[in-house]
Amino acid sequence: MDPEFDDVVSVEDLMALERRYAEERRGGAVSRRCQFEYAWGLVRSPYGHDVARGVALLQELTKGTKEEQRDYIFYLALGNYRLKEYERGAGPRGSAAGAEPHNSQGLRLRRLIHDRMRR
């Protein structure tokens, strides 16, 4: 386990993010920020079905501008890592370091994914 990438969101925080997301959906449009924050919480959930939902929401967001994609791609890679989908996490759409090649956190996640792929 790696504490930096394996920590989980609290149930209370995830519920608050889910309420906000649901409110915006009821209003007719979910902002990219709200969707990202909810996806971030889901990716940090201890439950695989939540993580998978977070990955799906992040994949929708990666259709944005290059600048917006940086955080989305990192958390997409993190979600795939947590789902043990290492090939996806290391691939071009889920590359932890791909959007920002010199980002130390992204590089650490990329190394961790590659280490897990070798096991």
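Quick note: residue numbers are just sequence positions, from 1.
Contact detail for Glu24 and Ser31: the closest heavy-atom pair is OE1-N, 2.7 Å. Contact detail for Leu57 and Gln35: the closest heavy-atom pair is O-NE2, 3.0 Å. Heavy atoms only, all atoms of each residue included: Gly41 and Leu14 are closest at C-CD1, 3.6 Å. Nearest heavy atom pair, residue Gly54 against residue Ala39, reads O-CB, 3.7 Å.
A 4.5 Å side-chain heavy-atom check between Leu78 and Arg44 finds at least one atom pair inside the cut-off. In this structure, Tyr38 and Arg20 have side chains that are not in contact, with every pair of non-hydrogen atoms separated by 4.5 Å or more.
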- prompt: Given Val30 and Glu23, is the side chain to side chain contact (heavy atoms under 4.5 Å, CB included) satisfied, shown in steps?
  reply: CA-CA 9 Å; Val30 178; Glu23 285 172 20; over 6 Å; no

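A 6.0 Å sphere centred on CE of Met117 holds more than 12 heavy atoms belonging to other residues, nucleotides or ligands. Other residues, nucleotides and ligands place no more than 12 heavy atoms under 6.0 Å from the CZ atom of Arg25.
Taking the six-membered ring where tryptophan is involved, the planes of Tyr75 and Trp40 are perpendicular, since the angle between them exceeds 60° and thus also 30°.
Side-chain heavy atoms closer than 4.5 Å link hydrophobic residues (I, L, V, M, F, W, Y) into clusters, and following such links, possibly through other members, connects Val43 to Leu83.
In this structure, the side chain of Glu37 does not engage the main chain of Leu17 through any donor-acceptor pair within 3.5 Å. Panel note: side chain Arg82, backbone Ser45; a donor-acceptor pair is recorded below 3.5 Å. Side-chain N or O atoms of Arg116 include none that pairs as donor or acceptor with a backbone N or O of Lys84 at under 3.5 Å. The closest donor-acceptor contact from the side chain of Asn80 to the backbone of Leu76 lies under 3.5 Å.
Here CZ of Phe36 is found 7.0 Å from CG of Leu58. Values are rounded to the nearest 0.5 Å. Expressed to the nearest 0.5 Å, how far CD of Glu18 lies from CG of Asp50 amounts to 8.0 Å.
Using a 4.0 Å cut-off between a side-chain N of Lys or Arg and a carboxylate O of Asp or Glu, Asp115 and Arg118 qualify as a salt bridge.
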